[in-house]
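Down below is the structure, laid out as structure tokens.
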Amino acid sequence: MVNPARGLGWAVLLVLAACATSTSPTGRTQYVGGVSQAQLEQMGLQAFAEAKKESSLSKDPQLTAYVGCVVRAVTAQLPAPWNQVRWEYALFNNNETNAWALPGGKIGVYTGIFTVAKNQDELAGVIAHEVGHVVSRHHDERITRQLAAQTGLGLAGALVGARYGDAATQTTQQLGGALLQGTFLLPNSRTQESEADVVGQQLMAKAGFNPEGAVALWRNMAAADANRPPQWLSTHPDPQSRLRELQARAQGLLPVMQAARKAGHTPKCR
């Protein structure tokens with residue numbers, strides 16, 4: 001009798017073997033390419049449009065401008081090809097301490113984040129972290145692994161020839177209206193979260209924000225509710241070890257921030 005788990009394991013390995021390997025910004029080997037970059041960006045655009053349709057947007061022009069100021073400062077320091085993306089953002093009326101970024105250059109921030117992000121450096125810590133997920137291709141990585149688990153699509157047979165592209169297209173269509181609640185905003189792995197911390201903290205320092213802001217942000221997040229961590233924190237690595245790592249990196253990134261400010265990158269987001 002065939003072991004289903006073993007069969008699934010072979011399907012996963014076959015899919016991953018058919019995909020490309022990529023090196024993340026921290027040097028980690030990734031399996032990506034389950035869908036094309038164009039498909040990935042289209043999914044991000046669709047998810048962003050759905051979020052704006054289904055959720056209430058903030059009508060506070062000052063808060064919205066404040067978020068935009070931080071977004072522009074952070075994304076202006078992205079390397080190619082991400083610096084060619086037209087980044088768009090939205091501020092949602094939502095009490096959750098949450099934010100996200102999607103392929104295609106879409107960023108969502110919830111008003112609840114201001115309860116823990118007290119200043120521009122702490123807000124930059126949130127936004128740069130989420131942008132870090134995009135530039136590290138974490139969405140692509142998760143979709144590739146999800147494709148590998150879709151046994152109903154006949155992946156083993158679809159891996160050879162054009163049928164693999166058809167399977168990928170079917171999967172993206174099936175994801176459809178559940179993008180925000182499903183693939184794109186599924187909890188990231190701890191490896192991805194740690195990587196987004198590294199990339200995000202470097203990015204905010206290059207933009208002239210104080211990298212200590214990321215430390216203060218996570219300290220605030222952990223203290224917001226010691227017994228029941230905020231949703232954005234609950235799926236992330238252990239808060240104490242994370243704080244230690246952020247603090248250690250912040251010291252090394254202070255010269256990066258200082259150099260950025262000398263070069264004229266001094267954010268003044270209020």
Side-chain angles (χ1 to χ4, degrees), residues 44-78 82 85-135 179-181 184-185 196-197 199-201 203-225 228-236 246 257 260-261 264-270:
L45 293 174
Q46 181 181 344
F48 189 64
E50 289 172 0
K52 290 194 294 184
K53 181 180 179 180
E54 297 172 4
S55 303
S56 171
L57 291 172
S58 172
K59 295 181 181 179
D60 187 324
Q62 290 184 325
L63 272 182
T64 303
Y66 173 46
V67 171
C69 177
V70 175
V71 167
R72 286 189 294 273
V74 167
T75 56
Q77 300 307 311
L78 289 172
W82 312 107
V85 174
R86 180 180 175 273
W87 290 86
E88 183 181 359
Y89 67 94
L91 178 62
F92 296 96
N93 284 319
N94 191 313
N95 291 330
E96 292 182 14
T97 51
N98 203 6
W100 39 261
L102 303 174
K106 307 305 176 186
I107 297 172
V109 177
Y110 295 172
T111 52
I113 204 69
F114 299 121
T115 63
V116 292
K118 308 291 188 179
N119 56 47
Q120 66 169 4
D121 298 313
E122 294 172 19
L123 182 58
V126 175
I127 291 172
H129 172 92
E130 293 303 327
V131 172
H133 281 302
V134 176
V135 301
L179 289 177
L180 277 177
Q181 292 73 31
F184 274 129
L185 295 187
D197 277 349
V199 174
Q201 206 171 14
L203 180 58
M204 66 184 292
K206 290 178 180 178
F209 292 103
N210 190 338
E212 294 277 1
V215 183
L217 167 73
W218 285 104
R219 187 177 292 118
N220 294 344
M221 292 284 277
D225 190 335
R228 186 171 58 85
Q231 182 179 355
W232 202 56
L233 182 63
S234 63
T235 56
H236 290 56
L246 287 166
M257 176 200 71
R261 293 184 176 181
H265 304 301
T266 305
K268 294 180 180 178
C269 303
R270 300 287 185 269

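If you read the sequence from its start, that first residue is 1, and numbering goes on from there.
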* Asked: Is there a side-chain contact (heavy atoms from CB on, under 4.5 Å) between Val116 and Glu122 once you walk through the steps?
  -> CA-CA 8 Å; Val116 292; Glu122 294 172 19; over 6 Å; no
* To do: Evaluate side-chain contact (heavy atoms from CB on, under 4.5 Å) for Phe209 paired with Met257, printing each intermediate quantity in order.
  => CA-CA 6 Å; Phe209 292 103; Met257 176 200 71; over 6 Å; no
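Proximity of Leu203 to Leu78: side-chain heavy atoms (C-beta onward) are separated by under 4.5 Å at one or more points. Looking only at side-chain heavy atoms (C-beta outward), Trp100 and His133 stay at 4.5 Å or farther from each other. When side chains are defined from C-beta on, Tyr66 does not count as touching Arg270, because their heavy atoms never get closer than 4.5 Å. Trp218 places a side-chain heavy atom less than 4.5 Å from the side chain of Leu246. Val71 is listed as a side-chain neighbour of Val67, based on a closest heavy-atom distance under 4.5 Å. The shortest side-chain heavy-atom distance between Thr97 and Phe114 does not fall under the 4.5 Å cut-off. Contact check for Val109 versus Ile107: side-chain heavy atoms found under the 4.5 Å cut-off. Residues Val134 and Glu130 fail the side-chain proximity criterion, which asks for heavy atoms closer than 4.5 Å.
Side-chain N or O atoms of Arg261 include one that pairs as donor or acceptor with a backbone N or O of Gly208 at under 3.5 Å. A donor-acceptor contact shorter than 3.5 Å is absent between the side chain of Asp121 and the backbone of Gly213.
The two residues Gly132 and Ala196 make their nearest non-hydrogen contact at C-CB, 4.4 Å. Residues Gln201 and Pro211 come closest through the heavy atom pair NE2-O, 3.1 Å. Looking at every heavy atom in both residues, Val131 comes nearest to Ala101 through N-CB, 4.0 Å. Scanning both residues, Gln77 and Ala207, for their nearest heavy atoms gives CG-CA, 3.5 Å. A pairwise comparison of heavy atoms in Lys118 and Thr115 identifies NZ-O, 2.8 Å as the closest pair. Residues Gly125 and Leu217 approach most closely at C-CD2, 3.9 Å, considering heavy atoms.
The line from CD of Gln46 to CG of Leu102 is 11.0 Å long, rounded to the nearest 0.5 Å. With rounding to the nearest 0.5 Å, the separation of CG in Asn95 from CD1 in Ile113 is 12.0 Å. The SG atom of Cys69 sits 7.0 Å away from atom CD of Gln120, with the distance rounded to the nearest 0.5 Å. Atoms CD and OG, on Glu50 and Ser55 in that order, are 10.5 Å from each other to the nearest 0.5 Å.
Applying the side-chain contact (heavy atoms from CB on, under 4.5 Å) rule to Ser58 yields the partners Asp60, Thr64, Leu91, Asn93, Thr111; only residues at least two apart in sequence or on another chain are considered. Shown here are the side chain to side chain donor-acceptor pair (under 3.5 Å) partners of Glu212, two or more places apart in sequence or in another chain: Gln247, Gln251. A search for side-chain contact (heavy atoms from CB on, under 4.5 Å) contacts involving Lys52 returns Phe48, Leu57, Glu88, Ala90, Phe92, not counting sequence neighbours.
Within 6.0 Å of NZ on Lys106 lie more than 12 heavy atoms contributed by other residues, nucleotides or ligands.
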